[in-house]
Amino acid sequence: MMEKFLPVGGFDVFSDSDSILLLSGPSSSGKTSLVFQFAINSAAANGERNVVFICNRRKLEAKPPYLPQGIDPSSDVIRRIHMKYIDDEEGIKKYFAAFHMHDPAPASVVIDDFGDFFDQGNCQERYNNTRGRDLAMVGILALCRNAILYANEKGPCQLLLSDTHNGDCPRLLYLYKRWVSSIYTIKGDGFGSYLIRSLGVAKSARTKHAKYSIALQCLVYEGITEDEEQSDE
């Protein structure tokens, strides 16, 4: 459900098929606010279990997430969101290489701006390959998936990635589709609001969008809209 990214007061029931998710959209569309709201919803729905939010500290401090009205930053739910700051893909690798040592595992792990942790030049030099960045991302995605699948043997655990793209689809859709179970995209509606939709909807189905906006430095849920636009697949 697209509402998992928005302040609607609930979190959909976990299913194994949705253990790894991707939210991708254009710059300045509120992605960090959406994935942080996902973390809030996950923490609220999972009792005393924690949520881990992985990001670049400098970027987060420059553009912190906008919270919905009525959220107390000092609440127990917010305190159970543990921030982990990293600078590159090695930080992701180290965290998930030791993921089996977390007992219990977090209810969810969020990696904000996942693709930005992979520097094109460094990856090409390391792999001596023009597609070095793709190779590095595949290696980390495989590690993440194995760690999340292992955690799910003991209890539900989700991984959410966010990335930036221009146009209608994630820039590395061909790569993500192999490792990610559910992909959600964001686009502007032309009137100051944004629409979230799920890729992979059957072509005969009506397309549902979750609509939101950023107003007065708050994340605002505007409801579900529906049209007959077909999926990209």
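Remember, it's a predicted structure, so these values are computed and weren't measured experimentally.
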Measure the acute angle between the ring planes of Tyr194 and Tyr212, then classify it against the limits of 30° and 60° as parallel, tilted or perpendicular. parallel
Gln69 vs Leu219, test: side-chain contact (heavy atoms from CB on, under 4.5 Å). Steps then yes/no. CA-CA 8 Å; Gln69 288 186 336; Leu219 178 63; over 6 Å; no
Would you say Ser213 and Glu222 are linked by a side-chain donor-acceptor pair, where the criterion is simply a distance under 3.5 Å? yes
Quick note, salt bridge (Lys or Arg N to Asp or Glu O under 4.0 Å) partners involving residues 83-110, not counting sequence neighbours, are Glu89-Arg126
How about Ser19 and Asn152: does a side-chain donor come under 3.5 Å of a side-chain acceptor? no
Ser162 side, atom OG; Phe38 side, atom CZ - distance, nearest 0.5 Å: 11.5 Å
Pairs flagged by salt bridge (Lys or Arg N to Asp or Glu O under 4.0 Å) wherever residues 54-68 is involved - sequence neighbours left out: Arg57-Glu61, Lys59-Asp113, Lys59-Asp116
Report yes or no: do Tyr184 and Lys4 form a side-chain donor-acceptor pair below 3.5 Å? yes
List for me each residue that meets side-chain hydrogen bond (donor to acceptor under 3.5 Å, both in side chains) alongside Asp76, sequence neighbours excluded, and say none if there are none. Arg80
Within the 3.5 Å criterion, strictly below it, is a donor on His209 or Thr225 matched to an acceptor on the partner's side chain? no
Between Tyr127 and Asn122, a side-chain donor and acceptor under 3.5 Å: no
Regarding Asp18 and Ser182, is there a side-chain donor-to-acceptor distance under 3.5 Å anywhere? yes
